Amino acid sequence: MKRIILLQTAFSADDINGNQRVIAEAYGKAAAAGAEIVAAPLQAVCGFQPGRRLASPAYVKAYCAAAEELIAATGNTLLVFDLPLLLQDGNYTPLFIAARNGRAERAAGRLAFQLADGQSALVCAANEAHAYPEAETTKPDLLLLPDCHALALEREAERDRRLLRAAAAAATTVYVNQAGELDYHILTGGSSIFTDYGQKRTSLPLFAESLPDRPAERHAAAPAAPDYTDQTALVHDALVCGIRDYGRRNGIKSAIVGLSGGIDSSVVLPLAVEAFGAQNVFGLMMPSRFSTDHSVNDAVQLARNTGVGYEIIAIEPLYTTFLKQLEPVFRNTPFGLAEENLQARIRGNLLMAVSNKKGGIVLNTSNKSESACGYGTLYGDLCGGLSVIGDLYKSQVYDLARYLNRERETVPPNCIAKAPSAELRPNQKDSDSLPDYDLIERILRAHLEQGRTAAEIIAQGLPQADVERVLRLLRNSAYKRLQTPPVLRLTDTVLSDYRPF
């Protein structure tokens with residue numbers, strides 16, 4: 001089999017010069033090591049999801065110039081990459097380039113060419129299923145499938161089936177994908193080489209950069225060979241990658257997490273520890289007059305289990321002062337939402353102050369079920385620089401907590417077992433304000449993922465009052481989601497993209 005080097009890393013559309021440098025340096029090292037082919041992922045030169053940038057002549061000029069320089073610098077080792085070709089309808093297709101000895105063959109959509117030894121090769125985008133019948137008919141010796149696939153949990157199984165079908169069409173099939181976090185998308189990696197018409201497969205790790213001078217490495221605490229048939233393991237590794245790479249790209253080396261003893265912060269904190277290291281994560285506990293002893297104890301136990309530094313700052317003195325200052329307005333009114341949200345906003349201020357002082361990013365701990373229903377306080381518990389689990393339903397957060405405990409206790413059992421509560425008033429439970437979380441998830445999945453209307457969801461047998469209420473909350477809370485931190489994307493139905501229909 002030919003010696004093929006795959007360039008598995010993330011390429012940013014904001015850094016064409018950097019993309020060119022990474023490709024050129026990797027090509028040089030691979031060629032010096034005797035590689036016959038260097039394959040770049042889709043959108044390597046122009047960067048991931050160029051979008052509206054393609055309307056900029058300066059942007060187009062820059063990536064075309066970068067491509068020509070890459071071609072001119074090639075030697076006997078073949079370099080395969082692509083450039084986006086803008087179509088009249090505003091979409092774009094890849095223009096594939098196979099370069100060797102300063103010369104290149106080019107074709108839009110798919111490129112068929114001969115290798116140096118006379119064997120046949122075909123290049124087409126991994127997501128272009130219409131190109132596979134051509135491969136099945138021509139049976140090329142080498143099929144190259146560049147990709148820039150970002151994680152979408154609902155499409156992973158189908159993508160793998162399509163890839164396996166394509167691999168059966170050629171003696172050798174090469175799948176090369178970008179890896180890492182870009183624009184809150186998590187590019188999966190998992191580049192693979194199939195031989196014997198798909199019978200054998202060698203893969204690079206998921207969510208890990210791999211270049212000739214940088215051996216693939218996973219985050220420090222990851223177990224060897226995770227079982228990705230368990231989707232929770234996939235979610236776990238994707239989120240750690242997302243936090244780690246977002247931090248690396250933005251010069252962020254540490255994180256602050258508000259700890260309540262609840263399930264959401266009890267999951268976000270260990271993920272941050274895996275991404276940044278325990279020494280670079282700080283937990284802040286901010287009990288109020290309504291906080292239970294077990295919540296504080298659970299939060300402390302979580303901090304000790306993960307080895308992070310932490311502090312307990314009771315907010316009662318601040319809360320009392322705020323109420324006193326607001327007395328002219330609040331006088332003779334019952335305790336209600338204003339008093340509840342005031343506590344959350346005090347906590348948000350403290351978190352941001354600690355972030356300013358320590359320099360770490362505040363990681364938001366809101367989940368998809370709560371965010372969809374507007375169950376959160378603007379400028380309070382919805383504050384932060386990055387929403388880690390904002391694309392996970394509540395049930396998935398619990399699954400993730402149990403996964404974090406797979407080898408030892410990380411999340412205290414009581415955090416998993418107790419009923420969810422914001423603890424903003426005496427004996428408060430989330431169920432006082434919301435339908436059951438399992439029911440919320442069923443309604444949201446039907447609406448967001450299956451595109452079903454309220455009437456269609458009710459026809460499935462779900463309670464009419466709850467369906468109408470959840471969808472009303474989803475619509476009415478859109479203004480909150482527009483003011484909350486960006487969400488690490490795990491699906492095609494991130495709530496920030498939601499538009500009512």
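Predicted model only: the values in this text are computed from it and were never measured.
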Any chance the side chains of [X] and [Y] put a donor and an acceptor closer than 3.5 Å?
{"X": "R201", "Y": "S192", "answer": "yes"}
{"X": "T491", "Y": "R489", "answer": "no"}
{"X": "N127", "Y": "D147", "answer": "no"}
{"X": "T232", "Y": "D399", "answer": "no"}
{"X": "S191", "Y": "Q8", "answer": "yes"}
{"X": "Q119", "Y": "K2", "answer": "yes"}
{"X": "D381", "Y": "S366", "answer": "no"}
{"X": "E69", "Y": "Q20", "answer": "yes"}

Kindly state whether the ring of Y246 and the ring of Y184 have centres lying under 6.0 angstrom apart.
yes
Quick check: F207 with H236 (ring centres under 6.0 Å apart)?
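Here the rings of F207 and H236 have centres that are no less than 6.0 Å from each other.
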Could you label the plane-to-plane angle of the H185 and F48 rings as parallel, tilted or perpendicular, counting under 30° as parallel and over 60° as perpendicular?
perpendicular
Salt bridge (Lys or Arg N to Asp or Glu O under 4.0 Å) between R106 and E68, intermediate numbers included
CA-CA 12 Å; R106 312 166 197 240; E68 293 306 320; 3.1 Å; yes
Rounded to the nearest 0.5 Å, how far apart are [atom1] of [X] and [atom2] of [Y]?
{"X": "I37", "Y": "R100", "atom1": "CD1", "atom2": "CZ", "value": "8.0 Å"}
{"X": "L404", "Y": "L271", "atom1": "CG", "atom2": "CG", "value": "5.5 Å"}
{"X": "Y63", "Y": "I16", "atom1": "OH", "atom2": "CD1", "value": "8.0 Å"}

D82 side chain to L95 main-chain N or O, any donor-acceptor pair under 3.5 Å?
no
Okay, side chain of N364, backbone of P485: is any donor-acceptor separation there less than 3.5 Å?
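Judged by distance alone, no pair lies under 3.5 Å.
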Test salt bridge (Lys or Arg N to Asp or Glu O under 4.0 Å) applied to E156 and R159, step by step
CA-CA 5 Å; E156 293 306 300; R159 180 184 68 122; 3.3 Å; yes
List the steps, then state whether salt bridge (Lys or Arg N to Asp or Glu O under 4.0 Å) holds for E370 with K394.
CA-CA 8 Å; E370 294 171 355; K394 194 78 167 184; 3.0 Å; yes
Kindly indicate, with the supporting measurements, whether the criterion side chain to side chain donor-acceptor pair (under 3.5 Å) is fulfilled by H149 and Y175.
CA-CA 11 Å; H149 176 75; Y175 171 77; 5.5 Å; no
Test: K200 cationic atom under 6.0 Å from F194 six-membered ring centre, within 45° of axis:
no
Is the count of non-hydrogen atoms from other residues, nucleotides or ligands lying under 6.0 Å from K139 atom NZ greater than 12?
yes
For residues T410 and T306, determine if any side-chain heavy atom of one lies less than 4.5 Å from a side-chain heavy atom of the other.
yes
